[in-house]
Amino acid sequence: MKTISLKGRAYAYEERGEGTPLLLLHGFPFSSESFWPQLEAPPKGFRLIAPDHRGFGQSGLGEGPATMEAMAEDALALLDALKEPSAVIGGVSMGGYVALALARLDPGRVRGLLLIDTQSFADDEAGKARREAVAQDVLQNGVAGLTAGMLPKLLAKTAPAAISARVEAMMLRQDPKAVAAAARGMALRSDAKDILARFANPTLVIVGAEDVITPPEKAQVMAQLVTGARLEVVPGAGHLVNLEQPAAFGGLVEAFATRF
Ligand code: MLT
């Protein structure tokens, strides 16, 4: 794992493969480790760059709520440090929210979008209240309760126990302060429909057929907003399609690489 310093704060990332830069942004409450099959066998045609969002994995935490914009600014600073003027921006779930925030902040740097098990909608009032409850719970009691509550919803029923165990261990390792900051940051995100409606570069939307957190209907909304976007619904996968069906996922990503 490598790190850069962002105003004295460590920002860690993994880097593999060669080709068009693909910035791959992880979901909540994970780290870049949640791309383990892709880090082991990077999709052909892409230079994979997978950072840890602020406070997660080996990255240092910033001040206040970790908004999607703040995480997007970190990711843009990494592209600067790597001397990549633009990249395909991909993200799983919360990573997708960050990808869309990045496209709002600096659309000229987005060569394409890879939206994985994510959505364009903002939280409603009830959703925002749930985020705040999560933040308070993890700060008081640690991440075990959140992990136990989320884990059964993350994966398809047929997912191997080994995947579930590794995801659980990864979640349990995350810093409660980072988890609370990201939960509060997600509550502050805006609807991203406008970003997608004006986005004109290649876009691939991938969703697990059994994703109950950001289900295929939400993926379809995103794909319909971008002219020429492709939607792929992968059977036998829930909310973490890149872990649950890495071969199918890798094939779709490699086919997408040929568009750049
Ligand atoms: C994620 O996987 O990043 C989260 O489930 C996203 C969310 O809670 O909206």
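All ligand and atom numbering here is 1-based and tracks the order in the structure.
The main-chain N or O of Pro85 is found under 3.5 Å from a side-chain atom of Arg109 such that the two form a donor-acceptor pair.
Taking Phe256 as the reference, Phe260 meet the ring-ring contact (aromatic ring centres under 6.0 Å, His included) condition, with sequence neighbours excluded. When the ring-ring contact (aromatic ring centres under 6.0 Å, His included) test is applied to His26, the partners found at least two apart in sequence or on another chain are His53, Phe56.
For the residue pair Leu146 and Pro29, the shortest heavy atom distance occurs at CD2-CG, 4.0 Å.
Each of Val253, Ile49, Ile89 was scored for a side chain to side chain contact (heavy atoms under 4.5 Å, CB included) with Leu22, with one residue passing: Val253.
If you look at ligand 1, the protein residues with a non-hydrogen atom under 4.0 Å away are Gly27, Phe28, Ser93, Met94, Tyr97, Arg131, Met150, Met186, Ile213, His239.
A ring-ring contact (aromatic ring centres under 6.0 Å, His included) check over residues 206-230, counting only residues at least two apart or in different chains, returns nothing.
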